[in-house]
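Positions are given from 1 along the sequence.
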Amino acid sequence: MIIQSRLFTVSPLCVCLLLSFLLISCNNKDEPGPLDETRIRKNAKDMSPQEMTDYVEAILLLKATPSPYSDTLSYYDQFVRFHQMAVERKMCTDIGVAHTNPAFPAWHRKLLILYEDALSEVSGKNIALPYWDWTDQASTDATFSSQLMGGNGDPNDEYAVTSGPFRKGNWQLNLFTISPNYFGLNPHPWLVRNFAATLPNSDKYPGYPVRLPLNADIMGCLDIEDYDVPPWDCSGSRAENSSFRFCLEGFLGMECGGAQAMHNIGHDWVAGFFEVPVDSVTMTPVSSTIPYCGTTFRDTVPNNIRVGSMEPLDVSPNDPAFFMHHCNVDRIWDVWQKIPGKEQKYEPVSGAAEGYNLGDQMYPFNLPQFQGKGTMNDHGLTPESMLSVESLGYAYE
Ligand SMILES: [Cu+2]
């Protein structure tokens with residue numbers, strides 16, 4: 001009312017200017033629009049057919065869109081590269097970044113939000129990530145259906161994924177492992193999956209039964225009081241390492257180096273470890289030389305052992321199922337955080353290695369070349385800024 005009565009007292013030119021200003025304000029990025037609504041992340045089995053289509057189309061669009069962070073990568077492959085950079089740093093400097101340290105859940109929460117933002121941006125729709133609940137067969141079926149991630153690999157084609165939107169011929173891998181542990185084991189530029197496949201124990205292959213986490217495994221992690229305790233990794237005894245993060249990541253309840261659990265075994269389950277017949281080996285490593293810690297190593301390990309695309313730690317986001325798997329990891333962290341007494345809980349606050357502490361910036365998100373690009377600075381760069389899903393604009397159904 002006040003504005004209206006004022007409008008009538010000023011000149012028509014001023015009215016025009018004011019109206020233009022108001023119109024511009026309405027289109028301003030700061031005004032809430034459909035892309036700013038709280039994103040509700042659902043169990044894959046509860047998605048509508050339209051939500052599945054929107055999600056898959058957004059991923060395919062992301063693969064076809066140039067990255068705002070790099071001149072040489074697609075927007076999708078940028079997320080593979082962020083993850084690879086974190087692993088590379090760990091291999092070359094021994095400073096943990098995204099894995100085997102307290103920042104594991106926070107680092108991946110950041111990656112997932114950037115990914116969700118990117119999917120929404122390229123599609124013009126408010127895309128919420130779905131999650132794959134490992135304990136729920138209906139969720140597993142929906143996740144690996146032709147409407148979402150596609151199914152298991154084809155045994156007659158070295159377990160290439162040949163169904164769904166990310167099948168061979170429709171989805172190309174452009175980044176390959178820099179980890180010597182995996183040289184030659186995952187050579188193809190298409191997705192490979194051999195659900196739950198395992199190999200007899202050896203120095204390189206696990207030899208443990210690969211099964212999805214059970215509800216009891218998850219409850220066991222949720223019961224733990226400590227968020228994290230030193231020495232963070234497998235250098236301590238199991239008792240010393242009894243922390244929620246260690247359990248969620250998948251190291252607790254086993255001898256380190258032996259059977260994995262939770263997050264880790266989810267990767268193993270999707271990918272599989274397996275052999276192809278020696279006489280069918282037609283593989284030439286896609287990349288014969290691989291830069292690694294500033295040196296170039298020759299990839300000369302052609303053999304008949306294979307792992308699926310979600311196994312080599314660094315480039316595991318090549319499989320879009322990675323993000324539905326990690327969405328479930330993120331959801332379990334959120335459940336733990338909502339247990340009274342555990343809200344905002346994070347250890348260590350200070351005194352640990354760079355990148356581990358509550359207020360440390362997370363590599364590589366903090367690199368100067370990424371600042372001000374994409375939605376990098378719309379949410380913080382530290383574990384502290386990742387502690388509440390509500391403040392980050394999403395919730396789990
Ligand atoms: Cu990871």
Leu112 vs Cys327, side-chain contact (heavy atoms from CB on, under 4.5 Å): CA-CA, chis, key distance, verdict: CA-CA 7 Å; Leu112 261 54; Cys327 193; 4.1 Å; yes
Phe176 vs Asn186, side-chain contact (heavy atoms from CB on, under 4.5 Å): CA-CA, chis, key distance, verdict: CA-CA 8 Å; Phe176 299 91; Asn186 185 232; 5.8 Å; no
Derivation and outcome, side-chain contact (heavy atoms from CB on, under 4.5 Å), residues Trp232 and Phe246: CA-CA 7 Å; Trp232 324 118; Phe246 201 71; over 6 Å; no
Check against side-chain contact (heavy atoms from CB on, under 4.5 Å), Ile305 and Leu199: CA-CA 9 Å; Ile305 304 291; Leu199 285 171; 3.9 Å; yes
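Ion pair Lys168/Asp157 flagged as a salt bridge, since at least one NZ, NE, NH1 or NH2 atom sits closer than 4.0 Å to an Asp/Glu carboxylate oxygen. A salt bridge is absent between Glu397 and Arg41: the closest approach of a Lys/Arg side-chain nitrogen to an acidic carboxylate oxygen does not fall below 4.0 angstrom. Look at Glu158 and Arg306 and you find a salt bridge, because one of the NZ, NE, NH1 or NH2 atoms lies within 4.0 Å of a carboxylate O, short of that distance. Using a 4.0 Å cut-off between charged side-chain N and carboxylate O, Arg89 and Glu354 make a salt bridge.
Side-chain contact between Glu88 and Ile178: present, with at least one pair of heavy atoms (C-beta onward) separated by less than 4.5 Å. Taking 4.5 Å as the limit, every side-chain heavy atom of Pro130 sits out of range of all side-chain heavy atoms of Lys42. Between Ile218 and Met262, the closest side-chain pair of non-hydrogen atoms falls below 4.5 Å. A 4.5 Å side-chain heavy-atom check between Phe273 and Asn194 finds every atom pair outside the cut-off. Contact check for Phe244 versus Trp333: side-chain heavy atoms found under the 4.5 Å cut-off. In this structure the side chain of Met324 never reaches within 4.5 angstrom of the side chain of Leu129, judged on heavy atoms. Within the 4.5 Å cutoff, no side-chain heavy atoms of Pro189 are placed close to those of Asn174. No side-chain heavy atom of Met310 sits less than 4.5 Å from a side-chain heavy atom of Leu191.
Within the 3.5 Å criterion, the main-chain N or O of Gln369 finds a donor-acceptor partner in the side chain of Lys373. Judged by distance alone, with hydrogens and angles left aside, the side-chain atoms of Tyr159 form no donor-acceptor pair with the main-chain N or O of Ala271 at under 3.5 Å. At least one donor-acceptor pair under 3.5 Å links the side chain of Glu347 to the backbone N or O of Tyr227. Using modelled atom types, one side-chain atom of Ser120 and one backbone atom of Ile127 make a donor-acceptor pair closer than 3.5 Å. Using modelled atom types, no side-chain atom of Ser70 and backbone atom of Ser67 make a donor-acceptor pair closer than 3.5 Å. Checking side-chain atoms of Arg211 against main-chain N and O of Ala196 turns up no donor-acceptor pair under 3.5 Å. Checked by atom type and distance alone, the side chain of Arg109 never pairs as donor or acceptor with a backbone atom of Pro383 at under 3.5 Å. When atom types are taken as modelled, the side chain of Glu311 and the backbone of Leu185 share no donor-acceptor pair closer than 3.5 angstrom. Formation of a donor-acceptor pair under 3.5 Å by the Asn357 side chain with backbone atoms of Ala352 is found in this model. The backbone N or O of Leu387 sits less than 3.5 Å from a side-chain atom of Gln337, completing a donor-acceptor pair.
Between the side chains of Thr177 and Asp314, at least one donor N or O sits under 3.5 Å from an acceptor N or O. Looking only at atom types and distance, the side chain of Asn328 has no donor-acceptor partner in the side chain of Asp133 under 3.5 Å away. In the model, His326 has no side-chain atom that pairs as donor or acceptor with a side-chain atom of His83 under 3.5 Å. Under 3.5 Å, the side chains of Tyr346 and Asp228 contain no donor-acceptor pair of N or O atoms. Remark: the Asn318 side chain and the Ser309 side chain contain no N/O donor-acceptor pair separated by less than 3.5 Å. When only modelled atom types and interatomic distance are considered, His99 and His108 share a side-chain donor-acceptor pair under 3.5 Å. Between the side chains of Trp134 and His325, at least one donor N or O lies within less than 3.5 Å of an accepting N or O. A donor and an acceptor atom, one from each side chain of Arg81 and Gln84, are located under 3.5 Å apart.
Under a hydrophobic clustering in which Ile, Leu, Val, Met, Phe, Trp and Tyr are joined whenever their side-chain heavy atoms come within less than 4.5 Å, directly or via other members, Leu367 and Phe365 fall into the same cluster. Both Ile339 and Tyr396 are part of a single hydrophobic cluster, where members link through side-chain heavy atoms under 4.5 Å apart. Cluster annotation: Ile113 is connected to Val335 through the hydrophobic network of ILVMFWY side chains, with a link wherever side-chain heavy atoms come within less than 4.5 Å. At a threshold of 4.5 Å between side-chain heavy atoms, the hydrophobic network of Ile, Leu, Val, Met, Phe, Trp and Tyr places Ile40 and Ile332 in two separate groups.
Between Trp269 and Trp132, the ring planes lie tilted relative to each other; the angle falls in the 30° to 60° range. Under the 30°/60° scheme for interplanar angles, the aromatic rings of Phe82 and Phe370 are found to stand perpendicular. Ring-plane geometry between His188 and Trp190 is classed as parallel, the angle between the planes falling under 30 degrees on a 0 to 90 degree scale with a further cut at 60. Under the 30°/60° scheme for interplanar angles, the aromatic rings of Tyr115 and Phe323 are found to lie parallel.
Rounded to the nearest 0.5 angstrom, Leu173 CG and Asp77 CG are separated by 8.0 Å. Atom-to-atom distance recorded for Asp334:CG and Arg331:CZ is 9.0 Å, nearest 0.5 angstrom.
A cation-pi contact, defined as under 6.0 Å to the ring centre and within 45° of the axis, is absent between Arg39 and Tyr394.
Looking at every heavy atom in both residues, Pro165 comes nearest to Asn170 through O-ND2, 3.0 Å. Of all the heavy atoms in Leu119 and Ser123, the pair that sits closest is O-OG, 2.8 Å. Taking all atoms of both residues into account, the shortest heavy-atom contact from Ile224 to Lys342 is O-NZ, 3.2 Å. Here the closest heavy-atom approach between residue Glu225 and residue Trp336 is recorded as O-CZ2, 3.4 Å. Minimum heavy-atom separation, Tyr69 to Met376: OH-N, 3.5 Å. Taking each heavy atom of Phe144 and Ala321 in turn, the nearest pair found is CE2-CB, 3.9 Å.
Residues satisfying the salt bridge (charged side-chain N to carboxylate O under 4.0 Å, His left out) test with Glu343, not counting sequence neighbours, are none. The side-chain hydrogen bond (donor to acceptor under 3.5 Å, both in side chains) test applied to Asn43 returns Ser139, not counting sequence neighbours.
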